[in-house]
Each structure stands twice: as structure tokens, then as C-alpha cells.
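In what follows, a structure is listed as C-alpha cells, so that the remarks can point back to it.
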Amino acid sequence: MRNPIMKEELAKRYDPNDFEKRIYDFWLSRGDFTPDPESKEPSYSIVIPPPNVTGRLHIGHALVNTLIDIIIRWKRMSGFNTLWVPGTDHAGIATQMVVERELAKEGISRLELGREKFVAKVWEWKESHGDQIQEQLQRLGASADWTRSRFTLDEGLSRAVRHVFVRLYHDGLIYRDLALVNWCPQCLTAISDIEVEYRERNGKLWSIDYPVAGSDRILTVATTRPETMLGDTALAVHPDDERYKDLIGREAILPIANRRIPIIADPILVDPEFGTGVVKVTPAHDKSDYEAGLRNHLPQLQVIGEDGRMTAAAGADFVGLDRREARKSVLAKLEEARLLRATKEYVNSVGVHGKCDTDIEPMISRQWFVKIEPLAKPAIEAVRNGTIEIIPDSWESTYFNWMENIHDWTISRQLWWGHRIPAYYCANEHVIVSESDPASCPECGSAEIRRETDVLDTWFSSALWPFSTMGWPDDTPDLRTFYPTSVLVTGFDILFFWVARMIMMGLRFTGRAPFKHVFLHGLVRDELGQKMSKTKGNVIDPLDVIDEFGADAVRFTLAVVSYGRDIPLAKSRMQGYSAFANKIWNASRFALMHVDTELADAKPIDYKELRTVERWILSRLNDATRSVNKALAAYRFDEAANTLYQFFWHELCDWYVEMVKPVLLGKHGDEAEANKVRRVLLEMLDRSLRLLHPFMPFITEEIWQKLGAGGGAVIHAKYPVADDSMDDADAERMIAATQAMITAIRNARAERGFTPKERFKLYIKTASDPEAAFFAEHTYLLADLARLDAVIVNATAPADAPHDVVAGYEIAIELPAKVVTKEQIERTQREIEKSRKELDGLEAKLGNEQFVRNAPASVVEQARARVAELRARIEKLGQQ
RNA sequence: AGGCGCUUAGCUCAGUCGGUAGAGCAUCACCUUCACACGGUGGGGGUCAUCGGUUCGAGUCCGAUAGCGCCUACCA
């Protein structure tokens, strides 16, 4: 029974646009991506790294989702009850920024709209644009279960977020405190430490003189941020620094402000070797100064406000000025007072907010934090004891290094789009943290309750993704069946942002690691290894290349290049793999025009009855099958894909198909032999398509439907596994020898300038009768592929025919008389030279007693055999 | 500053247990043969960054050096 949705015949030309959409709809209509709830098979599950809901598919998404889909399809075909949970992330700041930008086009600002209306606008935006990325993933062939798609702001997920927040708060792991945080004056929100990106910048280092009060001494201080001096509340020196020891405890006069500030000793803040050994201390605007301020009980004077403008505390001359203007103004005033001593060029790294590229302002602010150490400890242990395995394992040391030096996590954001923190304040400022909205304050009974306005860091909800998507905190069938998930596939760039936090939260709230393996892939670059960016114009848009080359070629390319930290990607590679798809297409057309698909329903292949050629190709296929399964189990998508490419094109197409043509075209053998060949050819196509399916799902499904699959689909066909009984070393050896002879003859033909029409005679010498019989039997094969008119076994060749030794067999090629050119002589001499060099090396090796004594017997034996072959070869070649 | 990684053909990269250096692309020559010119056949191209060590034997293991990249922390 053929499926009616499929076209009967393969089109002449491979055109992915003709069938990819149709095939995807076919799978969707059958519900092929949804696991069977009744299944007794072992489960296998993956959750998608949720892309930004307003995002558009970029090449990084294409990579990670291709890799996930390869694993999912492989496992599904390998008998697992397989689930891939898709979904999207609300992506707090990023989404808010996108919508704000859209509104700005209409001249509307978020602030004038108000919180409620703005959030409603974002939801509108989400509803109209949110499915775009899922449709794009479908074009890639993603076999995710769309019926289970989740969004981090869904009701269920929101409940999980709230539940986790409340529990962590009551366990003392979430607290609210006044602390120095990273503040983005552009986005007007605090961000966490890891959201700060550091950029190298050419700046200046200014030296400012601070007069010591009641003395004519001057302390010179270097700074990269002179405007912060307005907030200085001390100068610090090292307690052991002899130069300044006597000044400790005295006061300096802060220039411009003319405030007196203490001169303190702080061994942690001050490195006496650096600069002048005197440091200005600005506790409200610098991280290490903040800590020094706490140690020394210094006042915190905020001179820069949340909007990046100077506060009243900065003084009347500066209030309201932007940070940058304030810097110029401060420098001018210092210059005027002749207190600016020197300026030098200086390269330092400046913290910026990655999302908007604005310089971060360290700021003292009341925020919510997660006390991270108690969560990190078990997460470290889980990786250390192997409960979770990070692949490649080189990332484990990075993971440990970060987790062991981790700082508390700032989770509150002064945004509108996100999970609003479930904390409430009563009229008396009592804090109530609760899963449901409280009616009155449990402490004082006040009914005047207002909710916290801050929302949570997006990554807080992402951290719960592996179990929140499955219905947690309820005990659901999905949770029981598919949690913990099997592997997490993602880029190494979000190891800290996401992976580490999922491990911490998963262990804390489910008592189990959220996944067994973490596979970290590299980052896609252009062919020169540069980051892709719109400004550089080197972006490869996955949707464009899918249009151009087809999803299968794009997927195959991504699989092949996937290994390594950086993944250089060029369109030319996709073109190359679309040629491979074309090859698959045409080889299948060839097979289908010679093979009756009814054969598949006939009795299984009897391996003992097969010819050597068929036993050989089955053995080679088995070898490829073994390699592919092994490579996939190790997440070596590149090896798996290369193995299939190599096998299908260069063994199956280049050799096997050519070898069976004489039989299929009726030039050799009888109908019974042809039928055996047809049966095996069909088997090869069937198995190859199944092996290729996870990588190239569309083309394999389209063709496989033509094999008379009884209404089935390759997506649910069984993935081939290696079968030792298919291995055949003898067949491999004899066919390899045959191939080597054919190559040698083709080579001789090309080198001597003969056309394909001119026929030769081949003489072969064998050492045994079975070998002689083999070559006699396969004369047609040699004759057809090497264009010979005779193959003569174990007879004396004419002395003037070129002799050689190939695969251990002495051969001679009798060719029509032709002038021997200088090039041929030189080439033969080069061959002899090469062989002699290798021979000399080997003989020296074998002459070394220690080699013979210490090396394994097989290695010595191999060397001896090679020596014999080389000697014979040199002799034969020399005769010419 | 600390940590991690990389250096192999013109380009981009594989290379398992230490045992005769591989692939794709590019390049050159020949071939429009009845699945495919998105094709076939054959060829050329490498001091495996450098130096030293271990070993019978090193692209592979160890140490150092140089160059490049990334991460983390800090940078008055």
C-alpha cells in the first residue's frame, strides 16, 4: 500500500521545494512527533533551549535544533518513546526593548502608556509574532511535539515560578537587601553579574592631587573615572606603606567639593606597588570601593542617579549633568584649580550591558537576591560524581571554576515584562511573600497591601524549564515519564546563564538532576572564523539557505561542521551537501527503475546464497552502520554524517552501483542472478535511507515511501544496528583487490594518454586456486569497469607489458603499442623512488633488533609483508 | 593575572589504543557512457608551529617557547 499523499514516481530532478512542506504536513497529520501515552518503551526526552518569543530563526538556532532533531529522530527510530518539548522564552529585557522600539515608531513611550497597557501591548505582539519562530523550526524539519509547546509566561509555568520563589524565600535562600548592583542607566534596571560584558576600551588615566588637611602634603591619586571623585568618602593607603604611614588617620581635602575625607589604611583595596599607592574610595559607585567602605564604615555618597545623571549630592555645579558631561566639567574645574597633574593613555575594560551596549553604573540599590552557595554545592557534586556528564568534558573545569566562585544572584529587574515577584508590602512595610495574593498583613492586619513592582530575571523561569514544562509542581504523567530529561543540547555561551541554574533548581526542587548529559556545541562563525553580525554583512540566514539548498542540505552541513568550539560555516558547503542530496535522489531513481519494490515483501535475504560483490557491500554497509551508531552515541554528528556521506557516495554509488550494472543491464549473468542483485540493491537503499533519515529527514521520507513500505513512514522505521553476521572479511579483501586493480589500470590509461575506447588485456598472478577462481569469475567486472577485452589468470604475460604489484598480486597490463613519453618514464621513476624510500625505512626498522623484540608481532609481520611487496614492485617497475 | 583551547594540504577541518598522514572545498588533465555535469575517472599538493624529552617507533604522550583564540577575575 502506497501512501496516497505521495507522488508515484520520483521527479527527474531533485527539488526540495517540491516536497519538504508536503512531507512535514504528512508527519503532522499522522501525529508522528507525539509520543504514544500507552508506550511501554523506555523514554527519551529533550527540552528545547527556548528561543526568544519575538525572535527570528538565526543560524545558531538552526544548529542546535538540527542537532537535537538528529538525536530525537535517531532515538525515535531506535525504539524509544521519544519526546521533544518545544517552546519559547518571554526574554524579559529583549522583548520589552523590541516592543518599546515598535511603539517609539508610533511616537508612544512606555512610560506614558503605563504598566498595564504596555504589558497588554507586549502580549498582543507575542500573539501576532510569537508563532513565527516555531514555523521556522518546522521548515528545518524539527520533529518536536507541538501539542506540548510551552511559553515561560504560561499560566502553568508562572505557577511553578511563584512556587519556587516562595519556597526559596521561606527557606532563607531568597532575600531582599540594599547592595551595590550593576545598574543599566539605559534600561533603568539592575542586572546580574554575568549579564555584564567587558569591553576593552582606550581610555585615559588622570592623576588628581588631594591636599592633606593641615599640611602642605599632597596625595596624588590616579583614576579612570574622575567624575566619581565627587562621591569620594575616603583616601586609602596600604597600612605598611612607609611613604604614607604617618598620614593614616588624618584627613584630605576633596578638591572641588572641599569636603574633608579621612585617610584610611586598607590592605585589601590598596596595592602599594600600583600607581602612587593612594586610592580614592567611592563606596557608592565602585565594587571594590563599596566593599572597602563596608570594611571601614565609610559613608556611601550617591552622586550618580539611576538615569545616569548627577544627583544633588554631586553639588550644585553638576546636578543634572549626564555622566559624560560631568566628567568633562570635573576635569575642567580640576585643571582650573591646578590639581590635575597628568593624563596618560590607558586601556581598560569597561562593563557594558550586553543587550543595549550602555556602560554599566555600579549603584547601591535595594534588590532581591538568591543566596546561591547552598544551591551550587549539590550542583557541583552532581557533575563531580558523574550524575551529570558534560560533553565535551573540557567544559567541566570551566563549570567547576565558576560554580566554586559564584556570587549571589540578583534576580529582581525593574521591568514590566516578566514574572512579577510574589512579594507584597503592607502599610507598615511588612513584607509578605506568598503564592496567593494576601488580603491583609498577617503581622499587623493592615489591609492596605501593594505588590512588589519588580519582575524576575528571565533566567529564573528558564532555570525551571525541564520540569515546569512537564506540569510541575503537580505530579503529572509527563513528569513521571519524561523527567529527568535525557540530554540538554545547547551552546557553551549559556553554560552559566542557563545550564548551571537548571542543575541547581532541578536538584533543589525535584531532587533529581534535570538531565543526564549536557552536550555543548560551538558557536557558528563565518568561513573566516569571525562572528556573524549584521554590520559585517556576513550573516547566513537559515531561511534563505533552506530556500536555496533545501532543509536537508542545510541540516547535513550543520551536522558535518558541528564539532569544535568555533564552527566556521560557508554557503559553499551547503551547496556541496545539496549535491549529495541530489546524488541520493538520483541513485534512488536508478535503483527504483531497476528494482521491483514488491521484492521487499518477498522472503528475507539468504546471505549464504549471495555473490561476493553483494556480501562485500553488505559488509561495508554494516561497518558504516556500526560507526554511525557509535558516533551518534558520542554526539559526534560530524563523524556520523561523514561516514554516511563516504559510504553512500563513494562506496555504494561509485563502486557497487557500477559493479552491478552489467548484471542489471543484462550484459552478464542470468535472471536469477539479477534478482539477487535487485533484492540487495533494494535492501541497500532501504537501509541507507533509514540511516540517513535523522540527518536528511525530508528526502529520505520522500524516497522511502516509494519502496513499498506498506503505508509506513521512515520516521518510524527501525534504525539499523550492526549485525556481526553481515561482516565478511574475505569478500572485503577480494573486492578491495579488484578495486585496486581497476584503479591501477585506469591510472595507466590516463597516464599514458589512452582513450576509454582503447581496450587492454590484464594478466593476474595468484598464489592459490580459490583466488584464481575468483578473478576468473569476475573477469566481466574488471573488463567492464577497467575497459579490458581480456583478463588472463596465471599465464605468462608478454615481457614488454608494464608489470606492477597491486594488493599483493602481480599484474601486467598489455596495451596497444604507443610511444612511451618522457613523462611516463619520469613518473615510473618517481614511483620506484617512492617505493624504495619506504622500503629503506622499513628495512632499517626491521634491522633494528629492538623493534623486532618490542613491537607487537602483528606490526612486525605487517612490515615484513610490506617489504616483500615493495621489493616485488620495485623489481617489476624497474623492468620497464 | 588565573584557567581552558588551538597551531596538520591553497582554504575549512578530522585524525580512536603511539605503528605507512585523511576528508570536503579549491586546483590540474581527461571524459557529455543509457541515475546524476549538483556527474565520472585520474593526478598534483603536507618538515603535522618551534625546541627538547619519553619510546624500538611520536601528528598522537610529557616539558618548554612562540603565535592566535576564548572564559573568569581585576584593572586606583
Side-chain angles (χ1 to χ4, degrees), chain A residues 10 12-14 193-194 198 205-208 221-225 235-236 269-271 274-282 286-289 346-350 392 394-395 397-398 401-402 405 492-493 495-496 523 527-529 549 553 557 560-561 563-570 572-573 575-594 630 634 636 638-639 642 645-646 650 653-654 657-658 661 665 742-743 746-751 753-756 785 787 827 838 841-842 845 848-856 858-860 862-863 866 870:
Chain A
L10 289 187
K12 278 231 165 77
R13 211 184 136 78
Y14 165 65
D193 291 351
I194 49 175
Y198 289 90
L205 189 65
W206 288 275
S207 292
I208 303 170
V221 174
T223 181
T224 53
R225 295 201 59 194
L235 288 185
L269 182 67
V270 186
D271 171 8
F274 190 96
T276 58
V278 186
V279 179
K280 64 191 267 311
V281 189
T282 321
D286 180 275
K287 202 176 168 199
S288 26
D289 289 7
Y346 192 74
V347 178
N348 68 336
S349 56
V350 179
S394 55
W395 287 107
S397 56
T398 308
N401 185 45
W402 190 71
N405 298 294
F492 64 76
D493 53 328
L495 177 59
F496 304 144
L523 300 183
E527 64 258 64
L528 302 171
F549 305 113
T557 308
V560 167
V561 300
Y563 189 74
R565 263 181 97 109
D566 289 338
I567 299 175
L569 191 62
S572 61
R573 301 211 64 160
Q575 198 162 5
Y577 292 113
S578 113
F580 179 50
N582 182 60
K583 192 75 184 176
I584 295 170
W585 187 263
N586 279 293
S588 303
R589 282 184 58 220
F590 172 82
L592 288 167
M593 74 178 58
H594 287 286
K630 195 178 156 206
R636 288 300 302 262
D638 59 323
E639 275 182 24
N642 275 322
Y645 180 95
Q646 205 64 28
H650 297 307
C653 291
D654 288 352
V657 167
E658 295 307 320
K661 274 182 181 171
L665 298 175
I742 292 166
T743 302
R746 286 169 173 170
N747 179 0
R749 184 187 301 276
E751 291 298 328
F754 286 103
T755 69
L785 294 184
R787 293 179 178 273
R827 188 182 149 73
E838 196 188 334
L842 280 171
K845 221 171 172 183
N848 183 341
E849 269 177 53
Q850 288 184 308
F851 170 70
V852 179
R853 204 169 46 234
N854 294 322
S858 63
V859 172
V860 177
Q862 226 178 317
R866 181 73 183 152
L870 285 168

Evaluate the side-chain proximity of A:Phe274 to A:Val279: yes if any heavy-atom separation is below 4.5 Å, no if none is.
-> no

A:Thr398 has a side chain; which of B:rC74, B:rC71, B:rU41 sits nearest to it?
-> B:rC71

Can you figure out which of B:rC56, B:rA35, B:rU16 approaches the side chain of A:Lys630 most closely?
-> B:rU16

Taking the side chain of A:Ser397 as its heavy atoms from C-beta onward, which of B:rA14, B:rG69, B:rC4 lies nearest to it?
-> B:rC4

Go ahead and name the base partner of B:rA35; Watson-Crick or wobble counts if both distances stay under 3.5 Å, otherwise write none.
-> none

B:rC25 -> Watson-Crick or G-U wobble partner, both distances under 3.5 Å, gives B:rG10

Could you tell me whether A:Leu205 contacts a base, only the sugar-phosphate backbone, or nothing, with contacts defined as non-hydrogen atoms closer than 4.0 Å?
-> sugar-phosphate

Determine which nucleotide pairs with B:rU60, using a 3.5 Å limit on both distances of a Watson-Crick or G-U wobble pair.
-> none

For the side chain of A:Arg13, counting heavy atoms from C-beta on, which of B:rC38, B:rU72, B:rC36 is nearest?
-> B:rC38

Between P of B:rA35 and CG of A:Asn586, the distance in whole Å | 10 Å

Considering Watson-Crick and G-U wobble pairs with both distances under 3.5 Å, what does B:rC68 pair with?
-> B:rG5

Ring geometry between A:Trp395 and A:Phe492 (parallel below 30°, tilted from 30 to 60°, perpendicular above 60°) | parallel

When the nearest nucleotide of RNA chain B is assigned to A:Ser578 and to A:Thr224 on a heavy-atom basis, which residue is associated with the more 5' position?
-> A:Ser578

Pairs under 3.5 Å (N/O, protein and nucleotides 24-28 of chain B):
{"residue": "B:rG24", "atom": "OP1", "partner": "A:His650", "partner atom": "NE2", "Å": "3.4"}

Ring centres of A:Phe549 and A:Tyr577 under 6.0 Å apart?
-> no

Touch class at under 4.0 angstrom, heavy-atom based, for A:Val852 against every strand present | nothing

Using atom P of each nucleotide, how far apart are B:rG18 and B:rC61 to the nearest Å?
-> 8 Å

Length of the CG-P vector between A:Asp638 and B:rG22, whole Å = 19 Å

B:rC74, B:rC36, B:rU20: which one has an atom nearest the side-chain heavy atoms of A:Arg866?
-> B:rU20

Considering only heavy side-chain atoms of A:Tyr198, the closest of B:rC4, B:rC74, B:rU41 is B:rC74

With a 4.0 Å cut-off on heavy atoms, is A:Asn854 in touch with a base, just the backbone sugar-phosphate, or nothing at all?
-> base

With a 4.0 Å cut-off on heavy atoms, is A:Ser288 in touch with a base, just the backbone sugar-phosphate, or nothing at all?
-> sugar-phosphate

Residue pair A:Val657/A:Asp271 against RNA chain B: nearer the 5' end by closest nucleotide is A:Val657

Selection from B:rG39, B:rC71, B:rC56 that lies nearest to any side-chain heavy atom of A:Lys583 = B:rG39

A:Arg749: partners by side-chain hydrogen bond (donor to acceptor under 3.5 Å, both in side chains), with sequence neighbours left out = none

Which one is paired to B:rG18, where only Watson-Crick or G-U wobble pairs with both distances under 3.5 angstrom count?
-> none

May I ask you to say what A:Glu639 touches in the nucleic acid, namely base, sugar-phosphate or nothing, with a heavy-atom cut-off under 4.0 Å?
-> nothing

Sugar-phosphate only, base, or nothing, as touched by A:Tyr563 at under 4.0 Å among non-hydrogen atoms | sugar-phosphate

Which nucleotide, B:rU20, B:rG43, B:rA35, lies nearest any side-chain atom of A:Gln862?
-> B:rU20

For A:Val281, which contact category applies under a 4.0 Å heavy-atom criterion: base, sugar-phosphate, or nothing?
-> nothing

Take atom CZ of A:Arg749 and atom C1' of B:rG43, then tell me their distance rounded to the nearest Å.
-> 16 Å

How about A:Asn586 and A:Arg589: do any of their side-chain heavy atoms sit closer than 4.5 Å?
-> yes

Between P of B:rC38 and CD of A:Gln575, the distance in whole Å = 10 Å

Picking from B:rC36, B:rG42, B:rG40, the nucleotide nearest the side-chain atoms of A:Asp654 would be B:rG40

Assign A:Arg636 to base, sugar-phosphate, or nothing according to its heavy-atom contacts below 4.0 angstrom with the strands shown.
-> sugar-phosphate

Hey, is the side chain of A:Lys287 pairing donor to acceptor with the base of B:rA73 inside 3.5 Å?
-> no

Backbone of A:Thr743 reached by a side-chain donor or acceptor of A:Asn747 within 3.5 Å = no

Across all strands, who's sitting opposite B:rC48 as a Watson-Crick or G-U wobble pair, both distances under 3.5 Å?
-> none

Do A:Lys661 and A:Phe590 come close enough that some side-chain heavy atom pair is under 4.5 Å?
-> yes

Rounded off to whole Å, could you give me the CZ-to-C1' distance for the A:Phe492 and B:rC4 pair?
-> 11 Å

